[in-house]
Student: 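Handing you this structure, nothing more for now.
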Amino acid sequence: LSLPQLQSLLNMDDLICTEDHVVEAALRWMESDKDERLKHLPVLCRYFRRSFISSKCLEELESKYLSADCKLVYSSSTKQRLGEMRAKTLIFLRREVTFMRS
């Protein structure tokens, strides 16, 4: 997968996954050729919707990949990806069914 192809995928709103999965997929892409691809992390972070990344994933990202001379800037998008909305809907529906059965 080329960098432009990955950027195009990361920019999609209709991905059926959480933002943590988006970050993890991009990190796997980087890990497959870390010496060459690590330099693209600041560019890739612009596609990560920070407000939807778990604190655990964010901490891992910044502790593993952030050097002292690099500042990561994330997307300011507040639009959830389809996977985030779907997951919240399923949780809500499961709670309602459980409540109704009680």
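Since this is a predicted model, take the numbers as computed values, not measurements.
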Student: So, taking the atom named SG in Cys57 and the one named CZ in Phe52, what distance separates them when rounded to the nearest 0.5 Å?
Tutor: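 One finds 14.5 Å between SG of Cys57 and CZ of Phe52.
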Student: Apply salt bridge (Lys or Arg N to Asp or Glu O under 4.0 Å) to Arg81 and Asp14, showing your working.
Tutor: CA-CA 6 Å; Arg81 295 183 197 272; Asp14 57 351; over 6 Å; no
Student: Grouping I, L, V, M, F, W and Y whenever their side-chain heavy atoms are under 4.5 Å apart, do Val23 and Val73 come out in a common cluster?
Tutor: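 Different clusters: Val23 never reaches Val73 through Ile, Leu, Val, Met, Phe, Trp or Tyr contacts under 4.5 Å.
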Student: Tell me the closest heavy-atom pair linking Met12 and Arg49, and the distance in Å.
Tutor: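 The pair with the smallest heavy-atom distance is O-NH2, 3.9 Å.
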Student: Please set out all donor-acceptor pairs under 3.5 angstrom arising from side-chain atoms of residues 36-43, sequence neighbours excluded.
Tutor:
from	atom 1	to	atom 2	distance (Å)
Glu36	OE2	Lys39	NZ	2.8
Arg37	NH1	Trp29	O	2.8
Arg37	NH1	Ser32	OG	2.8

Student: Can you name the nearest heavy-atom pair linking Leu44 to Leu10, along with the distance?
Tutor: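 Scanning both residues, the minimum pair turns out to be CD2-CD1, 3.7 Å.
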Student: Could you tell me the separation between the CD1 atom of Ile53 and the CD atom of Glu62, rounded to the nearest 0.5 Å?
Tutor: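 It is 8.5 Å, given to the nearest 0.5 Å.
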Student: Is Arg28 paired with Glu31 through a side-chain N to carboxylate O contact shorter than 4.0 Å?
Tutor: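 No, this pair does not count.
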Student: How many angstroms lie between CG in Leu61 and CZ in Phe48, if you round to the nearest 0.5 Å?
Tutor: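 One finds 6.5 Å between CG of Leu61 and CZ of Phe48.
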Student: State which residues pass side-chain hydrogen bond (donor to acceptor under 3.5 Å, both in side chains) with Ser77; sequence neighbours excluded, sorted by chain then number.
Tutor: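 If we apply the side-chain hydrogen bond (donor to acceptor under 3.5 Å, both in side chains) test to Ser77, skipping adjacent residues, there are no hits.
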Student: In Å, rounded to the nearest 0.5 Å, how long is the span from CG of Leu27 to NZ of Lys34?
Tutor: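 Reported value, rounded in 0.5 Å steps: 9.5 Å.
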Student: Can you sort out the partners of Arg50 under side chain to side chain contact (heavy atoms under 4.5 Å, CB included), two or more places apart, ordered by chain and number?
Tutor: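 Residues passing side chain to side chain contact (heavy atoms under 4.5 Å, CB included) with Arg50: Leu58, Tyr74.
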Student: Tell me yes or no: between the side chains of Gln5 and Ser8, is some donor less than 3.5 Å from an acceptor?
Tutor: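 No.
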Student: Rounded at 0.5 Å granularity, tell me how far SG in Cys17 sits from CD in Glu24.
Tutor: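 Taking SG in Cys17 and CD in Glu24, the distance rounds to 9.5 Å.
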Student: Any chance you could measure Gln80, atom CD, to Ser51, atom OG, to the nearest 0.5 Å?
Tutor: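 Gln80 CD to Ser51 OG: 8.0 Å, rounded to 0.5 Å.
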